[in-house]
Amino acid sequence: EEYSKTILKYLSHEFPNLKYIVGPELDIGIGPGRTRALHHVKTKYVLVLDDDNVIFEKSNIELMAEILDTTDATLVAGEYDGRKVPYVGYLNVEHDKLIFYRGFEMINSKFPQCFQSDMTEMFFMAKTRDLFEVGGLSTELKNGEHENFFLTLKSAGK
């Protein structure tokens with residue numbers, strides 16, 4: 001708890017406009033915690049970053065917002081920790097089985113460095129409205145919500 005207070009003090013000093021939320025329960029799980037936080041978002045986009053990842057100069061958050069502004073993409077992932085996001089691929093249901101295919105394709109010629117896929121790691125910017133429409137992350141799963149979240153988006157046509 002003392003460590004959390006130290007982090008919050010540092011963040012509030014470095015980012016005075018940052019809003020942080022302290023929930024009433026401890027250890028509610030990633031999905032429920034993120035969905036609770038989503039209900040506080042008042043902006044057009046939300047940026048999601050796992051707590052063990054770091055944004056750096058090549059993360060290019062401005063480009064992520066531009067892609068969301070000018071394409072029909074629901075979310076875009078970026079580079080973090082000095083590496084490109086390796087966890088990308090397509091989800092498909094075949095013969096009543098969910099299949100994950102590694103791979104991606106270019107979004108459009110305006111963004112040749114960007115690719116489309118159904119799944120990514122948890123560093124992404126998304127249209128807040130679209131996340132609300134699918135209910136955010138699962139509040140029933142304490143763990144393993146990552147794949148469920150992207151499957152929910154795909155099922156909703158997002």
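Ring geometry for Phe150 versus Phe124: interplanar angle over 60°, hence perpendicular rather than tilted (30 to 60°).
Going from atom CG of Asp72 over to atom NZ of Lys158 covers 10.5 Å, rounded to the nearest 0.5 Å. Note that the NZ atom of Lys154 and the CG atom of Leu151 stand 9.5 Å from one another [nearest 0.5 Å].
Heavy atoms from other residues, nucleotides or ligands lying under 6.0 Å from NE2 of His39 number more than 12.
You'll find the side chain of Val76 stays beyond 4.5 Å of the side chain of Thr71, heavy atoms only. In this structure, His40 and Leu38 have side chains that are not in contact, with every pair of non-hydrogen atoms separated by 4.5 Å or more.
Residues Leu131 and Ala126 approach most closely at CD1-CB, 3.8 Å, considering heavy atoms. Taking all atoms of both residues into account, the shortest heavy-atom contact from Ala73 to Leu68 is O-CD2, 3.4 Å. Contact record, Phe123 with Leu47: CE1-CD1, 3.7 Å, taken as the closest heavy-atom pair. Across all non-hydrogen atoms, the minimal contact from Met125 to Met64 is N-CE, 3.5 Å.
Residues passing the salt bridge (Lys or Arg N to Asp or Glu O under 4.0 Å) test with Lys127, sequence neighbours excluded: none. Every residue two or more places apart in sequence or in another chain that forms a side chain to side chain donor-acceptor pair (under 3.5 Å) with Thr74 is listed here: Asp130.
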Practice item. Start with the C-alpha distance between Asp69 and Lys44, add both sets of side-chain angles, then the distance that settles side-chain contact (heavy atoms from CB on, under 4.5 Å), and finish with yes or no. Key: CA-CA 10 Å; Asp69 278 336; Lys44 186 176 181 180; 3.1 Å; yes
Practice item. For Leu153 and Leu75, run side-chain contact (heavy atoms from CB on, under 4.5 Å): C-alpha distance rounded to whole Å, both residues' side-chain angles, the deciding distance at 0.1 Å, then the answer. Key: CA-CA 10 Å; Leu153 285 175; Leu75 65 82; 3.6 Å; yes
